[in-house]
Amino acid sequence: MSKLLEFKCIKFTADELHLENVLQCGQAFRWVFHEKLGHYSTTLKVGDRFRIVVVKQSEKDCIQYASLGKDGSEECAALYGFLKRYFRLEVPLGTLLKTEWLMRDSRFKHISPKGVRILAQDPWETLCSFICSSNNNIARITKMCHALSTEFGNLVGHYDGVDHYSFPTSRELTQRASEESLRVLGFGYRAKYIMATAKKIEHERLHLSDSEYLQSWKDNLEYEQIREKMMSFHGVGPKVADCVCLSGLQMDDVVPVDVHIARIAQRDYKFSAGKQDIMELQTRYRELPITRKKVNYELDVIRSRFKEKWGNFAGWAQGIVFAQEVGKTSGATSESTAIKRRLEFAVKIEGQEQQLLVKKQNLDMISTSAIEKVVEEKIEYTITGRPKRKTASNVTYGS
DNA sequence: GAACAGCCTCTTGG
DNA sequence: ACCAAGAGGCTGT
C-alpha cells in the first residue's frame, strides 16, 4: 500500500502530447502502465540520480506528474525541468504541421499528429533498447528492457506494488551480466551485441558516463560522423544508429528507415534510388568505412529524400507517419502467455548463470499451480506491449 | 558493393 | 493440430 502521491500539473494538450502514443508505441520501452490508476511509472535519471517518475493524462489539457526518491521523498525541484526536456515541450507540433509539413507534403492534409512526439531519452538506454529491437516486436523489446533493469540495475524503490530498478550502466552490465545470462533471459543473438557494446563503451568513455560520452559526440561531429561512430558498435546498423540519434541525441531531422517507412516511400512517394543518387552518397561516405560497409544504399536514398522533404523536424514527421501507418499492429499477447511472463519476472534471480538456468527449467514445472495463484491475487500492473488492443496486448507484471 | 542465409523467440494466419 | 512467415535488422560469407 503506497500513500497517494501529490501530482503537479503541466498545461499541455493531448493534441500536442498523447502519453499512450508516445510511451507505448515503440520509442520508449520501460514505462509500466498501471491499469487501475491510469498511471505510467518508470525510473529516470533526474539530475544525478535515478528516481521513480509517475505521469498520467486524465484530463485533456494537462499532464500530471510526481516522483519518488530512494528514500521515499516526493519532492524533486529538478523534475519539472527534466520532464520539459524529456517530452520536448518547447517543440510545437501544431505549428510544425502548419508551417512545415503541410507546406512541404500534401500527405499531411489527411494526417493529424495525434500527440506523437519524439522524446529526449537517455542515450545509453536508447542504444541498448534499439540493439534489442532488431528483427523483433515491441512486446519482446519491452520485456528485454525491463529484464536489463530488474536483473542488472539497482533498486530505486517501489510504486504501487511494483519494484523499480535503474537502467544499468555499461560497467554494471560488464560486471553483473554475461552473454549466457542474457540468452537465458531471452535476448537470443542480441545477447552478444549488448555485452560487446557495453564492453566497448566502458573502454572508450574514460571519465565520462555512458550517456555523457555519447552526448559529447554531438558537440564536435556532424551527422554522418556520429552515425559512423554509432555503427562501430556490434549490433548497430543504420536503422538503430538513426533511432539513437533521433531519440537519444535530439537530432530532430534524422529519419530512421525501417521496413514500414521503406514501404511508404515506395508505395506513396515513389521514391526510388537512381544510379546518380547512390553514387553521390558513395562519394560522401568515402572516408567512412563502417558506413560504407553497413549502409544499404537503397534505404539510405529514402532516408535522404525524406529528410529533404520534411525539413528540420523530419524525424518527428517520420514518427507521425509511422504511427499512422502501423499504429496498431502485431504481436498481440494472449492472456496465458501474459501470466507466464508475469511469473518470469516474479521469480527473483540474482544474475548468476546457474541460477538463471534453474529458473528456466523450473518455470514450466511451477506454471500450472502458480498461474492459478497469480490469477487469484489479481493482476493489477501491466507493462504495455502494444497500442490499442488493451486486454490482449498488455504484458502483465508484478512482484 | 550486392545478394543472401542465418539468427533467438514469439505470435499469427493459413 | 501444425507449420510458415514475419516481427520497427544486423552479421558473416
Side-chain angles (χ1 to χ4, degrees), chain A residues 21 24-29 116 118 126-127 129-145 147 179-197 227 230-244 246-247 254-265 273 275 277-279 281-283 285-286 288-303 306 315 318-338 340-341 344 360 363 385-387 389 392-395:
Chain A
N21 291 345
Q24 329 184 14
C25 291
Q27 185 180 175
F29 300 96
V116 175
I118 302 299
T126 307
L127 177 59
S129 303
F130 282 96
I131 286 174
C132 295
S133 78
S134 81
N135 201 1
N136 208 348
N137 56 61
I138 295 176
R140 188 149 78 109
I141 303 165
T142 300
K143 184 187 157 200
M144 289 158 73
C145 290
E179 180 182 341
E180 186 49 35
S181 62
L182 288 175
R183 277 185 176 269
V184 173
L185 287 167
F187 282 68
Y189 58 84
R190 305 162 198 84
K192 196 198 302 181
Y193 304 158
I194 292 288
M195 291 312 295
T197 297
R227 194 172 55 153
M230 206 68 86
M231 286 194 288
S232 71
F233 293 113
H234 203 35
V236 178
K239 193 270 181 180
V240 170
D242 284 341
C243 286
V244 179
L246 176 61
S247 189
V254 173
V255 179
V257 177
D258 55 48
V259 289
H260 299 285
I261 295 297
R263 184 178 62 241
I264 291 169
K275 279 263 192 306
D277 301 310
I278 292 179
M279 278 176 55
L281 289 168
Q282 287 175 339
T283 313
Y285 300 152
R286 203 175 29 200
L288 304 173
I290 303 175
T291 304
R292 283 206 316 267
K293 186 173 152 195
K294 293 193 176 185
V295 82
N296 173 327
Y297 285 99
E298 300 275 330
L299 297 181
D300 206 54
V301 168
I302 291 172
R303 181 194 61 70
F306 273 131
Q318 175 272 353
I320 290 162
V321 168
F322 179 91
Q324 115 122 28
E325 173 81 6
V326 286
K328 45 196 162 189
T329 46
S330 84
T333 310
S334 72
E335 201 54 31
S336 65
T337 58
K340 192 155 178 177
R341 268 186 205 164
E344 288 191 29
K360 179 88 173 176
L363 258 180
R386 270 150 280 58
R389 301 177 49 187
S393 68
N394 292 341
V395 179

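Lettering follows sequence order; numbering is per chain, from 1.
Heavy-atom nearest nucleotides on DNA chain C were determined for A:Gly26 and for A:Tyr193, and the one closer to the 5' end corresponds to A:Gly26. Ranked by how close their nearest DNA chain C nucleotide is to the 5' end, A:Cys243 and A:Gly235 are led by A:Cys243.
Taking atom P in both C:dG8 and B:dG13, one finds a spacing of 14 Å when rounded to whole Å. Comparing the C1' positions of B:dA5 and C:dA5 gives an interatomic distance of 16 Å, to the nearest angstrom. C:dG9 and B:dG1 have their P atoms separated by 24 Å, given to the nearest Å. Of the P atoms belonging to B:dC8 and C:dC2, the separation is 26 Å, rounded to the nearest Å.
Of the candidates B:dA2, B:dC10, C:dG8, the closest approach to any side-chain atom of A:Asp258 belongs to C:dG8. The side chain of A:His234 sits closest to C:dG12 out of B:dC10, C:dG12, C:dG9.
Pairing each heavy atom of A:Arg183 with each of A:Tyr189, the nearest pair is NH2-CA, 3.7 Å. Nearest approach of A:Arg190 to A:Ile131, heavy atoms of both residues: CD-O, 3.8 Å.
When both distances must be under 3.5 Å, the Watson-Crick or G-U wobble mate of B:dC8 does not exist. The partner of C:dG8, taking Watson-Crick or G-U wobble pairs whose two distances both stay under 3.5 Å, does not exist in any strand shown.
OP1 or OP2 of B:dG1 sits under 4.0 Å from a side-chain N or O of A:Arg292.
With contacts defined as side-chain heavy-atom distances shorter than 4.5 Å, the pair A:Lys239/A:Ile261 does not qualify.
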